[in-house]
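Order of the sequence lines fixes the chain letters, A, B, ..., with proteins taken first and strands second; residue numbering starts at 1 for each chain.
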Protein chains: 2
Amino acid sequence: MFKAKAYSAASKTSPLVSAQIPRREPTERDVQIEILFCGICHSDLHYARDEWHDVMPAIYPCVPGHEIVGRVAKVGSAVTKFNAGDLVGVGCMVDADLTCPNCREGLEQFCPSQVLTYGGPDKHGTAPVTYGGYSDSIVVDEHFVLHIPANLDLAGAAPLLCAGITTYSPLRHWGVGKGKKVGIVGLGGLGHMGVKFAHAFGAHTVVFTTSPHKKEDALRLGADEVVISKNADEMQKHAGSFDFILDAVAAPHDINAYINLLARDGNITMVGAPEKPLPVAVFGLIMGRRSFSGSAIGGIAETQEMLDFCGTHNITADVEVIPIQKVNEAYERMTKSDVKYRFSIDMASLKSE
Amino acid sequence: MFKAKAYSAASKTSPLVSAQIPRREPTERDVQIEILFCGICHSDLHYARDEWHDVMPAIYPCVPGHEIVGRVAKVGSAVTKFNAGDLVGVGCMVDADLTCPNCREGLEQFCPSQVLTYGGPDKHGTAPVTYGGYSDSIVVDEHFVLHIPANLDLAGAAPLLCAGITTYSPLRHWGVGKGKKVGIVGLGGLGHMGVKFAHAFGAHTVVFTTSPHKKEDALRLGADEVVISKNADEMQKHAGSFDFILDAVAAPHDINAYINLLARDGNITMVGAPEKPLPVAVFGLIMGRRSFSGSAIGGIAETQEMLDFCGTHNITADVEVIPIQKVNEAYERMTKSDVKYRFSIDMASLKSE
């Protein structure tokens with residue numbers, strides 16, 4: 001074991017503060033990574049504040065962070081895919097059984113023994129739970145480490161590891177591409193990545209937002225059209241026309257208004273998870289054989305595919321880079337949607353702690 | 001025009017009574033059918049009582065009935081598929097534009113100009129709206145007329161035209177077959193057909209019912225297992241295991257209890273339409289990339305495919321045959337689910353009116 005610098009929260013009402021955490025010495029299958037940037041995901045905030053208590057109770061101290069980009073410091077003797085000095089990323093998972101049917105199909109995110117990057121059971125016994133990327137170092141089984149294309153801006157690449165794959169995977173799964181009309185609901189950390197991918201896949205991309213002032217930015221990000229979702233007339237013009245809609249809004253909202261915009265066999269997939277159930281009018285699904293789905297991140301192979309796609313198309317998240325000392329302030333700003341569109345922590349700031 | 005005998009309702013509170021209705025003389029594309037049996041669908045009752053006012057307001061007098069089996073009496077000069085004397089069926093549709101993208105794909109049920117068998121706009125001007133199958137005669141464009149295999153019991157074949165295709169189509173669409181685990185929720189007119197088809201397709205078929213006394217009958221119909229849905233422990237044993245669930249319950253019920261039984265990428269499709277929106281917990285969809293859908297009858301080509309399948313496998317609905325004079329009593333019994341599993345009106349009873 002060795003000590004790493006980190007920012008951790010001691011309880012659901014505590015701010016994140018400087019701390020030292022244990023990391024294991026790399027085993028033969030492990031990659032030790034010097035973390036350069038870590039994106040801030042809404043999940044970090046929900047977990048640190050124990051807001052998902054019913055599905056995933058927080059265990060303290062907690063160290064959030066699952067949008068990790070860094071450089072390989074050291075590799076175990078059996079590691080084959082990485083060498084010291086490589087640019088790498090780690091997303092939401094750091095372990096899984098790799099033998100179950102989901103893992104065998106490359107869908108580790110649905111493995112029943114999946115270990116999340118933070119708050120998961122630490123199989124190595126280094127700590128009570130896994131600690132995430134708000135740290136200067138992390139040690140991860142090579143299966144869960146990704147190559148980061150060298151041309152990408154690293155601060156902007158970090159959010160690809162969660163916001164990127166969370167939007168890329170359902171767009172691919174539901175066949176978004178040329179000739180398809182695709183909607184993106186909500187222009188935040190997830191939504192802005194959805195727009196970039198839908199546009200890059202060649203789809204006619206329509207952004208739905210409640211905020212007229214986001215229109216210009218949506219067009220800049222790649223939208224072909226922007227619809228103000230509060231305007232019923234504007235919505236009605238698109239009735240029955242969408243092949244696919246990606247809904248990235250976690251706040252309560254009227255899902256039926258979007259179901260009615262789907263064409264025959266159209267699908268709307270949620271990647272934001274509203275706390276309370278959404279009322280769904282079944283007639284809207286029956287008329288047009290439409291479907292309503294959810295999607296969770298993506299498997300490791302697909303995450304690498306997404307990163308390679310981003311390298312080819314030079315896609316990164318739009319980020320505001322902050323030092324880790326501003327993480328609590330960033331959390332407050334996120335609750336007000338005051339970020340375009342993701343915070344990325346420059347981990348060099350941790351050196352002074 | 002000629003006069004046909006029928007049973008019609010004069011208002012939403014009126015019983016169905018004997019009446020004469022106008023039918024058009026067959027045009028060159030039409031088939032005139034002597035109706036032998038007509039199944040009673042829940043939609044008939046909802047429409048006659050104007051219970052679907054918001055989506056499809058009833059126009060009176062109304063003549064319900066869209067599970068029609070009969071014998072061809074006469075054909076128009078351009079009719080190619082039918083001859084006098086043929087056994088034929090008519091389902092929920094009697095017209096569509098046949099030129100829209102849905103029609104061109106054989107999915108006339110989603111045609112925006114689709115004309116329902118009763119209560120739809122009568123393009124021929126014979127009557128204010130189309131009149132359905134509670135009658136001794138009907139005249140229909142040959143495109144919407146189906147061949148009935150000669151070996152089938154005609155009273156039991158009638159419900160295939162709605163209950164049959166409504167369950168066959170989603171089971172086929174979602175790939176139900178050998179090696180799949182399939183649930184059927186609700187053992188009524190639709191559900192009992194779902195069980196027969198899922199079993200005939202070779203799937204491991206599980207019936208969910210709130211009524212323990214239906215267990216024996218579910219097994220007789222082809223179920224491999226029966227789960228009492230009120231028993232949470234019994235439900236939990238099946239968590240995450242279903243490839244597909246067909247939900248034929250129109251009454252309010254907890255859809256999340258079934259979503260949680262789906263395997264990864266599993267789908268639950270509603271063919272019953274609860275009046276009020278169903279609350280859907282989005283986490284249940286996200287975890288496992290599950291989807292929640294609806295389905296409406298099926299296209300004409302698929303309806304013929306279904307009838308041919310029924311001919312090969314000797315599948316018909318389990319019916320209680322009644323004279324038309326008992327139709328009001330039958331409606332009352334249907335509201336109490338007191339029928340195994342569909343009423344089929346023997347139209348010979350109309351001769352005495």
Side-chain angles (χ1 to χ4, degrees), chain A residues 52 54-56 100-103 105 107-112 114 166 169-170 173-174 239-240 247 249-250 252-256 259 262-299, chain B residues 52 54-56 100-103 105 107-112 114 166 169-170 173-174 239-240 247 249-250 252-256 259 262-299:
Chain A
W52 284 344
D54 291 345
V55 286
M56 186 191 173
C100 74
N102 289 317
C103 283
E105 290 183 53
L107 295 165
E108 300 89 345
Q109 76 269 36
F110 301 124
C111 172
Q114 173 218 72
T166 297
S169 182
H173 183 71
W174 292 96
D247 187 330
V249 174
H253 59 294
D254 178 14
I255 195 74
N256 301 300
I259 289 174
L262 293 173
R264 193 197 81 219
D265 291 320
N267 172 274
I268 178 164
T269 289
M270 302 286 301
V271 287
E275 211 178 321
K276 294 197 175 153
L278 293 182
V280 175
V282 175
F283 257 112
L285 296 176
I286 287 179
M287 294 305 138
R289 199 164 57 181
R290 295 146 164 169
S291 64
F292 175 48
S293 301
S295 182
I297 52 173
Chain B
W52 284 345
D54 291 345
V55 287
M56 186 191 174
C100 75
N102 290 317
C103 283
E105 291 183 52
L107 295 165
E108 300 90 346
Q109 75 271 35
F110 300 124
C111 172
Q114 173 219 72
T166 297
S169 182
H173 183 70
W174 292 95
D247 187 330
V249 174
H253 58 294
D254 178 14
I255 195 73
N256 301 300
I259 289 174
L262 293 173
R264 194 197 79 219
D265 291 319
N267 172 274
I268 178 164
T269 289
M270 301 285 302
V271 287
E275 211 178 322
K276 295 200 175 151
L278 293 183
V280 175
V282 175
F283 256 113
L285 295 176
I286 288 179
M287 294 305 138
R289 200 163 58 181
R290 296 149 166 168
S291 64
F292 175 46
S293 301
S295 183
I297 52 172

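- Residues B:Ala273 and A:Phe283 share a closest heavy-atom pair of CB-CE1, 4.0 Å.
- Using a 4.5 Å cut-off between heavy atoms, B:Ile259 makes no contact with chain A at all.
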Task: Pair B:Val55-A:Met287, side-chain contact (heavy atoms from CB on, under 4.5 Å): steps then yes or no - done: CA-CA 11 Å; B:Val55 287; A:Met287 294 305 138; over 6 Å; no

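- Using a 4.5 Å cut-off between heavy atoms, B:Phe292 touches chain A through backbone and side chain atoms alike.
- In this structure, A:Pro279 and B:Pro277 approach most closely via the heavy-atom pair CB-CB, 3.7 Å.
- The choice from B:Ser291, B:Gly240, B:Pro112, B:Gly294 that makes the most heavy-atom pairs within less than 4.5 Å of chain A is B:Gly294.
- Contact annotation for residues 262-269 of chain A against chain B (heavy-atom separation below 4.5 Å, listed by residue number): A:Arg264, A:Asp265.
- Rounded to the nearest 0.5 Å, atoms OG1 (A:Thr166) and CD1 (B:Ile286) are 9.0 Å apart.
- Using a 4.5 Å cut-off between heavy atoms, A:Leu107 contacts chain B through its side chain alone, with no backbone atom that close.
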TODO: With side-chain contact (heavy atoms from CB on, under 4.5 Å) as the test, would you mind laying out the steps for A:Val282 and B:Leu278 before giving the verdict?
DONE: CA-CA 7 Å; A:Val282 175; B:Leu278 293 183; 3.9 Å; yes

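- The CZ atom of A:Arg290 sits 13.0 Å away from the OG atom of B:Ser295 when rounded to the nearest 0.5 Å.
- For B:Glu105, the part lying near chain A is the side chain, with the backbone staying farther off; criterion is any non-hydrogen pair under 4.5 Å.
- Counting only residues at least two apart or in different chains, salt bridge (charged side-chain N to carboxylate O under 4.0 Å, His left out) contacts with residues 268-281 of chain A are absent.
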